[in-house]
Amino acid sequence: MDALSDVLRVANLTGGVFLNADFFAPWCIAARVSPEHCTPVLGPASHLILYHYVVEGNLHIRVDGADSEEFVIRAGEVVVLPRNDLHLIGSDLTLPPVAGRDIIRPPKDGGLFSIHHGGAGARTRMVCGFLGCASAEGNPVISALPPLLKFTVEQGGAAEWIHSTFQYAAQEVSAGRPGSETVLAKLSELLFVEAVRRYAETLPEGHTGWLGGLRDPYVARALALLHGDIAQHWTVDDLGREVGLSRSALADRFIRLIGVPPMHYLASWRMQVATQKLRNTSASLAQIAEIVGYDSEAAFSRAFKKAFGAAPATWRRSNR
């Protein structure tokens, strides 16, 4: 089992296009998208992940906060905001920002939302999109990401297909062809996966956190085993034998990198999978209990209520 794919699958990502934007220097906007604004496209989403792909020109961006770093994003580069933080973007971030929601134009003839804003200077054209996420809270990947991820889709290798697809999608948006929204919706999901992979690959040795754990061969193998069969009655001794470490050595590595002991992690992950099954399937509580490794529905219900403060049936009614 690919643990990263498993975690992203349970996050229940759903993609959708937000808008096509043209800016002209000087300009500065403050942006954050409320989940309720995206309900017509995504349905209910408790969390949004934003991205900005610069097609032409460049922009400055900074996540709101006194200590936040300012980045320059150029044509062919993408910036992803995993936690939908309020952020400033513009040609000059010292300008008084305009609220993004105040300059969005509604779609015409079934097209996309759009922005045309700024002065008479240099043009910046970008495609902005979003991912809906039904279960970001407690998700080990999303919680491990920084507020802002930046990467270039023209760096060669496996990224070439992203670059060519983005160029195609940007042309589709400009032409206003039917189906453009569907094209970018699927691309949004793939883009986020690529951004996470790129970020994980650049982490320094010894970096702690879930993604850092993927860089350690023993912890990565243990994660793969746990994700591959969460219903198994695992023990740390079992995992140690499988990965080739003593019980104590594996536990120490796991705690140092992931932050919790292996069995605590497994219990938490079982609850994440349970919420996904409760939200998206019609499986009975007894079936879900078996899927996530509990010997009885009662034991599962007790663990779920301890984790979320509500019984599974009550939680399901409130989150479907």
Gap separating the CG atom of Leu266 from the CD1 atom of Ile230, nearest 0.5 angstrom: 7.5 Å
Contact summary for Leu191 and Tyr51, nearest pair of heavy atoms: CD2-CG, 3.6 Å
Rounded distance [0.5 Å steps], CG in Leu86 versus CZ in Arg62: 10.0 Å
Backbone of Trp27 reached by a side-chain donor or acceptor of Ser91 within 3.5 Å: yes
Salt-bridge present (Glu194, Arg197; N to O < 4.0 Å): yes
Backbone of Gln287 reached by a side-chain donor or acceptor of Glu290 within 3.5 Å: no
Where His117 and Ile29 come nearest, the two heavy atoms and their spacing: CD2-CG2, 4.1 Å
Straight-line distance of Leu239 CG to Tyr218 OH, nearest 0.5 Å: 14.5 Å
Check: Arg215 side chain, His207 main-chain N or O, donor-acceptor pair, under 3.5 Å: no
Any Ile73 side-chain heavy atom under 4.5 Å of Phe71 side chain: yes
Close side-chain approach of Ile288 to Phe300, heavy-atom, < 4.5 Å: yes
Nearest-0.5 Å distance that lies between atom NZ in Lys277 and atom CG in Leu285: 14.0 Å
Within-4.5 Å side-chain heavy-atom neighbours: Trp210 and Leu223: yes
Asn84 side chain to Leu50 backbone, donor-acceptor under 3.5 Å: no
Val80 side chain near Leu148 side chain, heavy-atom distance below 4.5 Å: no
Tyr199 atom OH, neighbour heavy-atom count above 12 within 6.0 Å: yes
Side-chain heavy atoms of Ile103 within contact of His116, under 4.5 Å: no
Over all atoms of both residues, closest heavy-atom pair of Leu95 and Pro26: CD1-CB, 3.7 Å
Hydrophobic cluster identity match, Val219 and Leu203, side-chain contacts under 4.5 Å: yes
ILVMFWY network linking Ile255 to Val260, side-chain heavy atoms under 4.5 angstrom: no
Worked verdict on Trp315 versus Lys305 for side chain to side chain contact (heavy atoms under 4.5 Å, CB included): CA-CA 9 Å; Trp315 190 96; Lys305 188 171 184 178; over 6 Å; no
Check: His87 side chain, Ala31 main-chain N or O, donor-acceptor pair, under 3.5 Å: yes
Exam field: side chain Glu77 to backbone Arg74, donor-acceptor pair closer than 3.5 Å: yes
Heavy-atom pair of closest approach, residues Ala30 and Pro97: N-CB, 3.9 Å
His233 ring center within less than 6.0 Å of Tyr294 ring center: no
Chi angles and distances behind the side chain to side chain contact (heavy atoms under 4.5 Å, CB included) call for Thr281, Arg316: CA-CA 10 Å; Thr281 75; Arg316 171 179 261 175; 4.1 Å; yes
Check: Arg221 and Glu242 side chains under 4.5 Å, non-hydrogen atoms: yes
Ring pair (Phe, Tyr, Trp, His ring centres under 6.0 Å) partners for Phe192, two or more places apart: none
Shortest non-hydrogen separation from Ala307 to Met271 and the atoms involved: CB-CG, 4.0 Å
Salt bridge (Lys or Arg N to Asp or Glu O under 4.0 Å) partners for Arg123, two or more places apart: Asp22, Glu56
Donor + acceptor pair across side chains of Thr94, Asp92 (<3.5 Å): yes
Stepwise side chain to side chain contact (heavy atoms under 4.5 Å, CB included) check, Leu226 with Trp269: CA-CA 9 Å; Leu226 295 175; Trp269 181 243; over 6 Å; no
Exercise answer: donor-acceptor pairs, residues 244-252 side-chain atoms, under 3.5 Å, sequence neighbours excluded:
{"residue": "Ser246", "atom": "OG", "partner": "Ser248", "partner atom": "OG", "Å": "3.4"}
{"residue": "Ser246", "atom": "OG", "partner": "Ala249", "partner atom": "N", "Å": "3.1"}

Leu48 with Leu88, same ILVMFWY side-chain cluster at under 4.5 Å: no
Donor-acceptor under 3.5 Å (Ser143 side chain, Asn139 main chain): yes
Flag side-chain contact, heavy atom, 4.5 Å: Ile142 against Ile49: yes
Gap separating the CD1 atom of Ile61 from the CG atom of Leu81, nearest 0.5 angstrom: 5.0 Å
Pair Met126-Ile89, side chain to side chain contact (heavy atoms under 4.5 Å, CB included): steps then yes or no: CA-CA 12 Å; Met126 64 182 185; Ile89 55 176; 3.5 Å; yes
Any Leu93 side-chain heavy atom under 4.5 Å of Cys28 side chain: yes
Ser301 (side chain) donor-acceptor with Glu297 (main chain) under 3.5 angstrom: yes
Contact summary for Phe254 and Ala222, nearest pair of heavy atoms: CE1-CB, 4.2 Å
Derivation and outcome, salt bridge (charged side-chain N to carboxylate O under 4.0 Å, His left out), residues Arg32 and Asp85: CA-CA 6 Å; Arg32 175 191 276 157; Asp85 291 302; 5.0 Å; no
Distance, nearest 0.5 Å, that separates CG of Leu145 from CG of Leu211: 6.0 Å
Residue Glu189 excluded, over 12 heavy atoms near CD under 6.0 Å: yes
hydrophobic_cluster_shared for Tyr265 and Phe308, side chain cutoff 4.5 Å: yes
Same cluster (ILVMFWY, side-chain, under 4.5 Å), Leu59 and Val72: no
